[in-house]
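Written out below as structure tokens is the structure these notes cover.
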Amino acid sequence: MRTLTIRQPDDWHVHLRDDAYLAATTQDVSRYFARAIIMPNLVPPVLTRLDATRYRDRILSQVPEHRSFNPLMTLYLTDQTSAETIKDAANSGIIHACKLYPAGATTHSDAGVNAIEGLYPVFEEMQKHDLRLAVHGEVTDASVDIFDREKIFIEQYLEPLVQQFPDLKIIFEHITTTEAVDFVKASTHNIGATITAHHLLYNRNDMLVGSIKPTLYCLPVLKRDRHQQALIKAATSGDPSFFLGTDSAPHPVSAKENACGCAAGCYTMHAAIELYAEAFANNNGLHALEGFASCYGADFYGLPRNTGTIKLIETEWVCPSKMRFGESDLVPLRAGEAVHWQVVNNSSESS
């Protein structure tokens, strides 16, 4: 039986939602993650410093007393976001990034950005104040094939953005393609990328062959095997440009198993680091897990690395087939199936 002790990890991209879901998502994320970048796509979205402060307070109210967890807040960019809003966010001490959603790209992105060039004054202010830009990198043009939307986004928007703002620190979120990996590797140290556990473990065949698996549907959508292999190689390479971001997102069964449209998002927070450990172990990459999960994201955000540790063992356990979230049932990733690693110790959790 293999064991692995690593520095306490962080999650640099997670959806906790709000209201009835918040107690369960906060309970899950605070099990062993010390910090997490909290996505701002609520309804209504987190637009200002005051919105972020109030949301952070609601999250902290749900953290169990014996745990230490720090939610790192973000703002949701819109066509109306001002430079003054950015300046206020940068001075807040709690806001660490602003999130760019192209309007209509994913869940709760309707209020997102329609004209990225129109936000150049905002990006200038972010660059000035060293505030990170987190990007959902997909075009929303209906004529572009869904499997090509990340690649086209790089060409149309991300490359010009990097050229225009060379000192702006940008996180290319939940990358899914060989082209995204190559872009990040060819860029300066100001460009980083998060990679999800489900994009390391699965490809589009897993989602579509035999029968459609709603629990695997997310945006950006799972791609071909060759793209999955490129992500695995990047995550396990030790390249500090790539780090952990689960993109864990809760949706009720009624929204995922819906004949009129499946909600985009996979819930992985019930077994996040365990699933990453499985992906790394399957590819002879366990030696690289600590850097990916516990070091490179903190370095990119200019934050200290955690001092606590967690211990994992290679042992099989079966994931619940359903989980209760508020008044709804949720089907998590790997529901009713085995997960092959388990956290058995967290030295940072107080007794």
Between [X] and [Y], do the side chains contain an N or O donor and an N or O acceptor separated by less than 3.5 Å?
X    : Y    : result
S237 : D239 : no
Q8   : N306 : no
N70  : R56  : yes
T315 : Q342 : no
T178 : H227 : yes

Sub-6.0 Å ring centroid separation between Y296 and F242: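 Between F242 and Y296, which both carry aromatic rings, the centre distance is not below 6.0 Å.
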
When the aromatic ring centroids of F300 and F243 are compared, is their separation below 6.0 Å?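 Yes, the ring centres sit under 6.0 Å apart.
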
Whether the side chain of D167 engages the backbone of Q127 through a donor-acceptor N/O pair (distance < 3.5 Å, no angle test) should be reported.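 Here the side-chain-to-backbone pair does not exist.
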
Can you tell me how far the [atom1] atom of [X] sits from the [atom2] atom of [Y], to the nearest 0.5 Å?
X    : Y    : atom1 : atom2 : answer
M126 : C98  : CE    : SG    : 4.0 Å
Y32  : D10  : OH    : CG    : 12.5 Å
I37  : H13  : CD1   : NE2   : 10.0 Å
T85  : E125 : OG1   : CD    : 10.0 Å
T194 : H174 : OG1   : NE2   : 6.5 Å
C266 : L219 : SG    : CG    : 9.5 Å

Charged N to carboxylate O under 4.0 angstrom, [X] versus [Y]?
X    : Y    : answer
E314 : R2   : yes
R324 : D329 : yes
R132 : D130 : yes
D206 : K213 : no
R334 : E274 : no

Locate the shortest heavy-atom distance separating [X] from [Y]; write the atom from each residue and the value.
X    : Y    : result
W341 : A277 : CG-CB, 3.8 Å
T176 : K223 : OG1-NZ, 2.8 Å
G112 : Y76  : N-OH, 3.2 Å
T268 : S248 : N-OG, 3.2 Å
F292 : I195 : CZ-O, 3.8 Å
R7   : E290 : N-OE2, 2.6 Å

Hey, what's the ring geometry for Y267 with H270, parallel, tilted or perpendicular (30° and 60° as the breaks)?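 Ring orientation, 0 to 90° scale: parallel.
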
Parallel, tilted or perpendicular: ring planes of Y101 versus H136, cut at 30 and 60 degrees: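 Plane angle between 30° and 60°, so tilted.
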
Count I, L, V, M, F, W, Y as connected when their side-chain heavy atoms are under 4.5 Å apart, and connections chain through other members. Are V339 and I6 then in the same cluster?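 Unlinked, V339 and I6 end up in two clusters.
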
For T246 and D11, run side-chain hydrogen bond (donor to acceptor under 3.5 Å, both in side chains): C-alpha distance rounded to whole Å, both residues' side-chain angles, the deciding distance at 0.1 Å, then the answer. CA-CA 6 Å; T246 64; D11 185 352; 2.6 Å; yes

Between L72, I59, T74, which is the residue that forms a side chain to side chain contact (heavy atoms under 4.5 Å, CB included) with I38?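 When L72, I59, T74 are each tested with I38, the side chain to side chain contact (heavy atoms under 4.5 Å, CB included) holds only for I59.
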
